[in-house]
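One is the number of the first residue; the rest follow in order along the sequence. Computed from a prediction, not measured in an experiment: that's the story for all the values here.
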Amino acid sequence: MPGPGKMKGIARPQNGKKTFLRLLSYLTEHPVMLTCAFVALAFSASASVLGTYMLKPLFNSIAEMFQSGVTSMRPLLGTVLTLVAIYLCGAAGTFVSNFLLMRLSTGILEKVRVQMFTKMQRLPLRYFDSRTHGEIMSLYSNDTDTLRETLSNSLPQLLTSTITLIGVFGMMLVLSPLLTLLVVVVFFLMMLIIKNIGSKSSKYFKARQEALAQANGYAEELLEGQREVKVFCREDASVTRFAELSENLRFASTQAMTYAMILMPIMGNLSYVLYAACAAAGAGLTIAGMMDIGTIAAYLQYTKQFSNPVTMISQQFSGILNSLAGAERIFNLIDAEPETDEGDIEIAYVVKHEDGSLTENETFTGEWAWKVPQEDGSFRLEEVHGDVRFTNVFFAYTEGHDVLKDITMWAKPGQKLAFVGSTGAGKTTITNLINRFYDIRSGEVTLDGYDIRRFRKDALRRSMAMVLQDTHLFTGTVRENIRYGRLDATDEEIVEAAKLANAHNFIRHLPQGYDTVLTADGTNLSQGQRQLIAIARAAVSDAAILILDEATSSIDTRTEALIEKGMDRLMKGRTVFVIAHRLSTVRNANAIIVLENGKIIERGDHDDLLEQKGKYYQLYTGMFELN
């Protein structure tokens, strides 16, 4: 982020007009409510303008009474009551417009938040890999707050001020075209000032939103990484970095608010100058007999009313610029390219009969089948086996930097395939391609004989269960976290899955057993316990393919030995992909694939690879360390 002396490079929103029109499109989705609100706003503004005009007959009547010597106030009663009625109607219009616009704005914000969250669920992992969590959360907090302020306050004020300005200017022309020329000159002076200050203000509002997102993102990362910060004694460095980000935010905020707030005193002083000039000129015209006392009184009041909406418009202009910067970021998320899904093969629960035929079932049966579409529009059921094959696969996260190079491998149904190799060799990348978190650059990946792109992504991922090194638990009970693997799982199936993962014993000793509430990503459990729950979550899904990415990395060797039999039961009959640095965990794999720099350099079972005395032999005997 640039320092205070380098803020000039911050640009305006790329298309402010398009963003503003898109905001208005949300309002036009409620035409009846919007029309009623607009009529009420116009009624409120018109009442203010008309009420001021009533000062003319009122003051002229008072002047005539003094000249004629009449002391009774009865002749004024009708005019006063009319004035009261006008202002009461204006107050009612203000109340109705505010009520309707508040309902509109809160409804629109709800829709925007739902659209954001819905789109977020459909975005590819690449989107989240390139942004901090703080930046994304800033859209839900800071940017939606500015949007709320615009919809509920800035836009209504802008409409009211515009209507008032037009009405006041029209009445001023009616009362005195000559004095209105003076007002027009001052008005153009105001416009020049607003344009100059507004152009400077817009870039700093954009800079403030960017700086706020960066500061929030950094703070959230540090909150999640407090353990690492303390382990490596990076507290001072973290404070220094956050101070730099805070200084950028302070500078951008100061500049933005300075230019926004400076408009009020400038416009206020110009309005006083205009009022004084109109009063002097009006007095001269009245003395010359070209204007009556009621006209000058009403005109001077209009002079004040003319300056106020101009000032309000200038102020709301700064606020709207601020919200446009935030709205553009929100719409960028809503318009982000979603994860494509061109597949047509679905998955279903089935009942397998003695003759081998399959029948689709609505509830869980423990058997899965692919629903392969036919030309006549029907579906053919084919049992899910878990046969995975890679053929000449190339892949790169960044164009021109291949992570996987000409990978050809296979895992037959029920086989356990293990990947070993140095960090960055491409082990986790292979599993990311199997479940299509990313798509290959060239080559072919097939599942049960079909190109993996033919499967609908939700069907593909339902056929797989994953246990990752970095376990994430959701706020909720232990039971709910295990059930996350399959939402229709019964309580008995959850307990059975926990026993399979050897998690049942420690769970039943928790304060409320399976109903113990986990918070803050399960920090009230040990890392090993969290990973056991993740294994149970994979077990309850009963998927045909199992991916274990350092699944036992946070479990001590004693616990690992205890769950080894349970893991064997979990893996029985399934195609299993295992990534492990502990070579003792992969010895019983049907095939071990050794990766180096994105290429397969060795393949075979444990005994075969030891006989080859290559890289695996070096790793196993300790002659070469994984790094």
*Specify whether Y218 and F242 have parallel, tilted or perpendicular ring planes, treating 30° as the upper limit for parallel and 60° as the lower limit for perpendicular.*
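The rings of Y218 and F242 lie parallel, inter-plane angle below 30°.
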*For the residue pair F474 and H472, categorise the inter-ring angle as parallel (less than 30°), tilted (30 to 60°) or perpendicular (more than 60°).*
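Answer is perpendicular, since the angle exceeds 60°.
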Does any part of the side chain of [Y], heavy atoms only, come nearer than 4.5 Å to the side chain of [X], both counted from C-beta?
X: R208; Y: L249; answer: yes
X: L101; Y: L104; answer: yes
X: Y302; Y: V49; answer: yes
X: L222; Y: R241; answer: no
X: R462; Y: R486; answer: no
X: E210; Y: R329; answer: yes
X: L147; Y: L23; answer: yes
X: K56; Y: Y299; answer: no

Looking only at non-hydrogen atoms, find the nearest pair between [X] and [Y] and report the distance.
X: S97; Y: T94; value: OG-O, 2.9 Å
X: H401; Y: A396; value: O-CB, 3.2 Å
X: C89; Y: F43; value: CB-CE2, 3.3 Å
X: R436; Y: E339; value: O-OE2, 3.6 Å
X: L182; Y: A277; value: CD2-CB, 3.6 Å
X: A40; Y: G93; value: CB-O, 3.4 Å

Check whether any side-chain N or O of [X] sits under 3.5 Å from a backbone N or O of [Y] as a donor-acceptor pair, and report yes or no.
X: R461; Y: N435; answer: yes
X: T52; Y: S48; answer: yes
X: K457; Y: T340; answer: yes
X: T180; Y: S176; answer: yes
X: S161; Y: L158; answer: no
X: Y140; Y: F117; answer: yes

*Salt bridge present between R483 and E480 (N-O < 4.0 angstrom)*: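 Looking at E480 together with R483, the answer is no, because their closest N to O distance does not fall below 4.0 Å.
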*Derivation of the side chain to side chain contact (heavy atoms under 4.5 Å, CB included) call for C36 and M33*: CA-CA 5 Å; C36 292; M33 193 179 299; 5.8 Å; no
Would you compute the distance between atom [atom1] of [X] and atom [atom2] of [Y] and round it to the nearest 0.5 angstrom?
X: L212; Y: L245; atom1: CG; atom2: CG; answer: 11.0 Å
X: I330; Y: L324; atom1: CD1; atom2: CG; answer: 11.0 Å
X: I296; Y: T286; atom1: CD1; atom2: OG1; answer: 5.0 Å
X: L518; Y: R530; atom1: CG; atom2: CZ; answer: 9.5 Å
X: T519; Y: L525; atom1: OG1; atom2: CG; answer: 9.0 Å
X: Y87; Y: L50; atom1: OH; atom2: CG; answer: 8.5 Å

Would you indicate whether [X], at its atom [atom1], is surrounded by more than 12 heavy atoms from other residues, nucleotides or ligands within a distance under 6.0 Å?
X: R441; atom1: CZ; answer: yes
X: E110; atom1: CD; answer: no
X: Y397; atom1: OH; answer: yes
X: F99; atom1: CZ; answer: no
X: E399; atom1: CD; answer: no

*asked:* Using side chain to side chain contact (heavy atoms under 4.5 Å, CB included), reason through T144 and R113 one step at a time and then give a plain yes or no.
replied: CA-CA 8 Å; T144 52; R113 285 195 179 97; 3.7 Å; yes
*Begin with the C-alpha distance, continue with both residues' side-chain angles, and end with the deciding distance and a verdict on salt bridge (Lys or Arg N to Asp or Glu O under 4.0 Å) for E247 and R250.*
CA-CA 5 Å; E247 171 57 22; R250 182 206 64 77; 2.7 Å; yes
*How far apart are the C-alpha atoms of V39 and V96, what are their side-chain angles, what is the distance that settles it, and do they pass the side chain to side chain contact (heavy atoms under 4.5 Å, CB included) test?*
CA-CA 10 Å; V39 170; V96 171; over 6 Å; no
*Give every residue pair that meets the side chain to side chain donor-acceptor pair (under 3.5 Å) criterion with at least one member in residues 20-39, sequence neighbours excluded.*
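For residues 20-39, and leaving out neighbouring residues, the side chain to side chain donor-acceptor pair (under 3.5 Å) pairs sorted by first residue read R22-D335, Y26-Q115, E29-K111.
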*Run the numbers on R479 and D515 for side chain to side chain contact (heavy atoms under 4.5 Å, CB included), then give the verdict.*
CA-CA 6 Å; R479 190 188 314 278; D515 294 316; 3.3 Å; yes
